[in-house]
2 protein chains.
Amino acid sequence: MDEETRDMFKERALIMKALAHPTRLFIVDRLGRRETCVCELVSMIGADMSTVSKHLSILKSAGIVEDEKRGLRVFYRLRWPCVLRFFDCIEGVLSAAAKERLKRYAK
Amino acid sequence: MDEETRDMFKERALIMKALAHPTRLFIVDRLGRRETCVCELVSMIGADMSTVSKHLSILKSAGIVEDEKRGLRVFYRLRWPCVLRFFDCIEGVLSAAAKERLKRYAK
DNA sequence: CTGCTGCTTGGCTATATTGCCAAATATATT
DNA sequence: AATATATTTGGCAATATAGCCAAGCAGCAG
C-alpha cells in the first residue's frame, strides 16, 4: 500500500471516528430531524455541557455538522444527511447479531 | 434519554468503532472486491500479522466480516456489503472539506 | 512424531479518547 | 457597569486502543 492510499484511508477513518461514539451518534440522529441548540442536546443527553460541546466540536471539525450562533444560543445542523443512511445498514448488522445470539441460546 | 435508547446507540457505536480505523477500512474495501486470506492482507498492509489478525477479529466480532478456514489459510469475507456505501458519503464530506481548505488559502 | 506454515492470543508499552471541573468568552438583561 | 445565561476551552485523571514481540495452536508434509 503506497503512502497516498494510506493517507486516503486515514482521512476516511477520521470521519468514521467522529461518528464512532454513542453520544455523537445520538446527536447526529437528532440533528437529522431538525437543527438543535447545545442546551437542548445537553438536556436530552444528560452529560456535562462541556462534554457535549466537545462532542459537537469533533463532529464539526470532521465536517459532519455546522453551527450558527443566534443570540446566546448556538444551533447545530447536519451538513451531510447521507450519514443517516449508515443507520439502516448498521441495524441490519445488529439484527443479524441478535439472531445469532438467539440461535446460540437455543442449542 | 432512557437506558434502552442509550444501549441502542452504544451498540451502533460498536459497529462504527469497528470501522473507525484506516487499516480496517482498507480491509473492508478489499473484502468488498473478493474474499481474501490473512496472509495476502498482511502483505498489502505491511504490518505485523498479529496486528492484522487483531483488526480482523474486531471486524468479525462486530459482525461485519466472517471467516472460513481452508487448509492452512483463513479467508475473510464481507458480510454486509452495505458498509461499502459509507465510502460514497464520506467522499462527499472529504471533498467539501478540501474545497473549504482551498477557499481559506485563496483569501 | 517432527517440523513447517498460517494464524491467533497474551502481554506489554505507547498513545489516544473520554468526561468532569474550573476558568474564559460572548451575548443579552438590568 | 454588573449580572446572568449559553457555550467553549484548558487541564487532568481514568480508561480504551494500537501495535509489536513472543508464545501457542491447528493443519499439513515428510
Side-chain angles (χ1 to χ4, degrees), chain A residues 1 3 6-7 9-28 30-31 34-77, chain B residues 1 3 6-7 9-28 30-31 34-77:
Chain A
M1 181 164 39
E3 203 172 334
R6 205 178 300 275
D7 285 351
F9 282 103
K10 210 183 270 179
E11 288 199 322
R12 286 181 177 187
L14 282 181
I15 314 264
M16 295 303 286
K17 266 184 219 230
L19 292 167
H21 189 284
T23 301
R24 295 197 290 271
L25 286 177
F26 175 82
I27 290 172
V28 165
R30 275 288 130 183
L31 299 187
R34 58 176 170 76
E35 64 163 28
T36 312
C37 69
V38 181
C39 52
E40 194 178 348
L41 290 169
V42 166
S43 80
M44 287 190 280
I45 292 164
D48 197 274
M49 180 175 274
S50 71
T51 301
V52 174
S53 177
K54 277 178 186 172
H55 282 306
L56 286 164
S57 91
I58 289 168
L59 288 169
K60 184 182 166 188
S61 58
I64 297 165
V65 305
E66 62 190 351
D67 60 342
E68 187 191 343
K69 183 151 194 169
R70 293 207 293 274
L72 278 176
R73 297 185 173 178
V74 178
F75 289 84
Y76 279 84
R77 267 191 300 276
Chain B
M1 183 164 37
E3 201 171 336
R6 205 179 301 277
D7 284 350
F9 282 101
K10 209 183 269 178
E11 288 199 322
R12 286 182 176 185
L14 281 182
I15 314 264
M16 295 304 286
K17 266 184 217 227
L19 291 167
H21 189 284
T23 301
R24 295 198 289 270
L25 285 177
F26 175 81
I27 290 171
V28 165
R30 276 287 130 183
L31 299 187
R34 58 176 169 76
E35 63 163 27
T36 312
C37 68
V38 181
C39 53
E40 194 179 346
L41 290 169
V42 166
S43 81
M44 287 189 282
I45 292 164
D48 197 273
M49 180 176 274
S50 70
T51 302
V52 174
S53 177
K54 277 178 185 173
H55 283 306
L56 285 164
S57 90
I58 289 167
L59 288 169
K60 185 182 165 190
S61 58
I64 298 165
V65 305
E66 62 190 348
D67 60 343
E68 186 191 344
K69 183 150 193 169
R70 292 206 293 274
L72 278 176
R73 297 185 173 177
V74 177
F75 290 84
Y76 279 83
R77 267 191 301 277

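A, B, ... follow the sequence lines: proteins, then strands. Residue 1 opens every chain. Only a predicted model underlies this, so the values are computations on that prediction, with no experimental measurement involved.
- Contacts between residues 35-44 of chain B and DNA chain C, defined by a heavy-atom separation under 4.0 Å, are made by B:Cys37, B:Val38, B:Cys39.
- When the ring pair (Phe, Tyr, Trp, His ring centres under 6.0 Å) test is applied to B:Phe75, no partner is found at least two apart in sequence or on another chain.
- Under the rule for a salt bridge (Lys or Arg N to Asp or Glu O under 4.0 Å), A:Lys69 has no partner lying at least two apart in sequence or in another chain.
- Checked against salt bridge (Lys or Arg N to Asp or Glu O under 4.0 Å), A:Asp48 has no partners two or more places apart in sequence or in another chain.
- Residues of residues 59-77 of chain B having a heavy atom closer than 4.0 Å to DNA chain D, listed by number: B:Lys69, B:Gly71, B:Leu72.
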Protein-nucleic acid N or O pairs under 3.5 Å, nucleotides 11-14 of chain C:
{"residue": "C:dG11", "atom": "O6", "partner": "B:Lys54", "partner atom": "NZ", "Å": "2.5"}

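- If you take CG of A:Leu56 and P of C:dT18, they are 13 Å apart, rounded to a whole angstrom.
- A 4.0 Å heavy-atom criterion places the boundary nucleotides of DNA chain D facing chain A at D:dT5 to D:dG11, written 5' to 3'.
- Applying the side-chain hydrogen bond (donor to acceptor under 3.5 Å, both in side chains) definition to pairs two or more places apart or across chains, those involving residues 34-44 of chain B are B:Arg34-B:Glu40, B:Glu35-B:Arg70, B:Glu35-B:Arg77.
- With sequence neighbours excluded, no residue forms a side chain to side chain donor-acceptor pair (under 3.5 Å) with A:His21.
- Rounded to whole Å, the distance from CD1 on A:Ile45 to P on C:dT18 is 13 Å.
- In terms of the side chain to side chain donor-acceptor pair (under 3.5 Å) criterion, residue partners of A:Lys60 (sequence neighbours excluded) are, by chain and number, A:Asp67.
- For the salt bridge (Lys or Arg N to Asp or Glu O under 4.0 Å) test, no residue two or more places apart in sequence or in another chain qualifies with A:Asp7.
- Residues forming a side chain to side chain donor-acceptor pair (under 3.5 Å) with A:Ser61 (at least two apart in sequence, or on another chain): none.
- In this model, the phosphate group of C:dG19 is not approached by any side-chain N or O of A:Thr51 to a distance below 4.0 Å at OP1 or OP2.
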